[in-house]
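Please read these numbers as outputs of a predicted model, since none were measured by experiment.
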Amino acid sequence: MINVLAALGRTTLSRLAGLGRAFFILAQAVFRPTGAGASIRLLWPEIYSAGVLSLVIVAVSGLFIGMVLALQGYSILVDFGSEQSLGQLVSLTLLRELGPVVTALLFAGRAGSAMTAEIGLMKATEQLASLSMLGVDPVQRVVAPRFWAGVISMPLLAIVFSSLGILGGHLVGVDWLGVDAGAYWGNMQASVDFRVDVLNGLIKAFVFGIFVTWIAVYQGMDLIPTAEGISRATTRTVVYGSLAVLALDFFLTAMMFGDY
Amino acid sequence: MKTRAVEVTVGAFVALGLAFLAWMAITVSGLDFSPADDEYRVSARFSNIAGLKPRAKVTSAGVTVGRVDEIALDPELGMAVVTLALNGKFDQFPLDTTASILTSGLLGEKYIGLRMGAEFDYLIDGDEIVDTQSSLVLEELIGRFLLSGSDD
């Protein structure tokens, strides 16, 4: 009985300690940036590996999801004779939900896992310890630029995703299935509101960017520095990151669009 | 990867994202950068607005002339006070204009229809539309029908 209680207490304490370390890393990455010039120079390569290298998978997924949405939406809308509102369906679905969420899931898998593995390997090969010995704070030098790169890249990637999805919807809906081009764009413009739909989608992408990158860098900093530890931490980044995105999406949607 | 090349590709990536955002603003959401037309506000009292929401359309002869800005309750009279924001372009509504709450289609959303009167003076900011017609509530309609049936 006492042993069970002790095990429970030990698990709780270690979870709480982990949460504390995660918040500590976040606070250090956000509130103690290095000198502006140096951190900008460190930022470019990280935006390149998190953002630019994710561009291809995000663009291709966006295009195909837009095309599938148009195809599925058309087959239902045509039954009610309202295939004219295909543009509205495709654009609102992408801007409000699929754009930010799917981009964040892809981002967790493509960029988040790479971040965790990279930081983890630095830890395993004692590069982080060497940095500390040289008097360089590894959080500022390694974690902060990666964190900001993720936060900056996510909204940009989500915009690219949604835009290409809308173009893909045009490709299938207008060019293939024969919806009128004027109706596609006109209904879209009439129903999409810049502040309500586009900006709220961007805010979602921004929040997802914060959480996915945070989880990725924390898992990298906190892992057990062995081959097995790195592989476990990388898996955890993708699993926790995806779960966090899906759960947060519900709350953000309820806050943004739930006032009925 | 050379620093220069990294900077150029990152710059191109950011520019691409911003370009798509601008495209989204203009083509997808139809954002209008020209200064907003000035609006003027008139209020109208309804005994029942069931289903009318803020941002709903205000139309006249089917043409959108404004939107519902605010809905409040007048506790003394027990009536709903609806503030309409009308586009400054349409400033020639006579004082005896009628406002009624209509439904688009059978299941559509509620909107306000304005029917012009015959007065020579026009509504200006802060005026009140006196002649209003509330939305039809199905339950009340059925109730009235049943009552009139029992009189015979």
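Within the 4.5 angstrom heavy-atom criterion, atoms from both the backbone and the side chain of V160(A) approach chain B. Heavy atoms of S163(A) lying under 4.5 Å from chain B belong to its backbone as well as its side chain. Neither the backbone nor the side chain of D197(A) comes within less than 4.5 Å of any heavy atom in chain B. Looking at I166(A), the atoms closer than 4.5 Å to chain B (heavy atoms on both sides) all sit in the side chain, from C-beta outward. Contacts of L199(A) with chain B are absent, with no heavy-atom separation under 4.5 Å from either backbone or side chain.
The environment of CD in E119(B) is crowded: more than 12 heavy-atom neighbours from other residues, nucleotides or ligands sit within 6.0 Å. Surrounding OH of Y40(B) are more than 12 heavy atoms belonging to other residues, nucleotides or ligands, all under 6.0 Å away.
Side-chain N/O atoms of S134(B) and S47(B) include a donor and acceptor closer than 3.5 Å. Counted by atom type alone, Q133(B) and T98(B) present zero donor-acceptor pairs between their side chains at under 3.5 Å. Side-chain contact of K57(B) with T64(B): a donor-acceptor pair under 3.5 Å is absent, judged by distance alone.
Contacts between residues 169-187 of chain A and chain B, defined by a heavy-atom separation under 4.5 Å, are made by W185(A).
Using a cutoff of 4.0 Å between basic side-chain nitrogens and carboxylate oxygens, E97(A) and K204(A) are scored as salt-bridged. Contact check on D69(B) versus R67(B) returns a salt bridge, with a Lys/Arg side-chain nitrogen under 4.0 Å from an Asp/Glu carboxylate oxygen.
Interface check for chain B: of the options G87(A), S153(A), P45(A), the most heavy-atom pairs under 4.5 Å are formed by S153(A).
Among all heavy-atom pairs drawn from V151(A) and T213(A), the shortest one is N-OG1, 4.1 Å.
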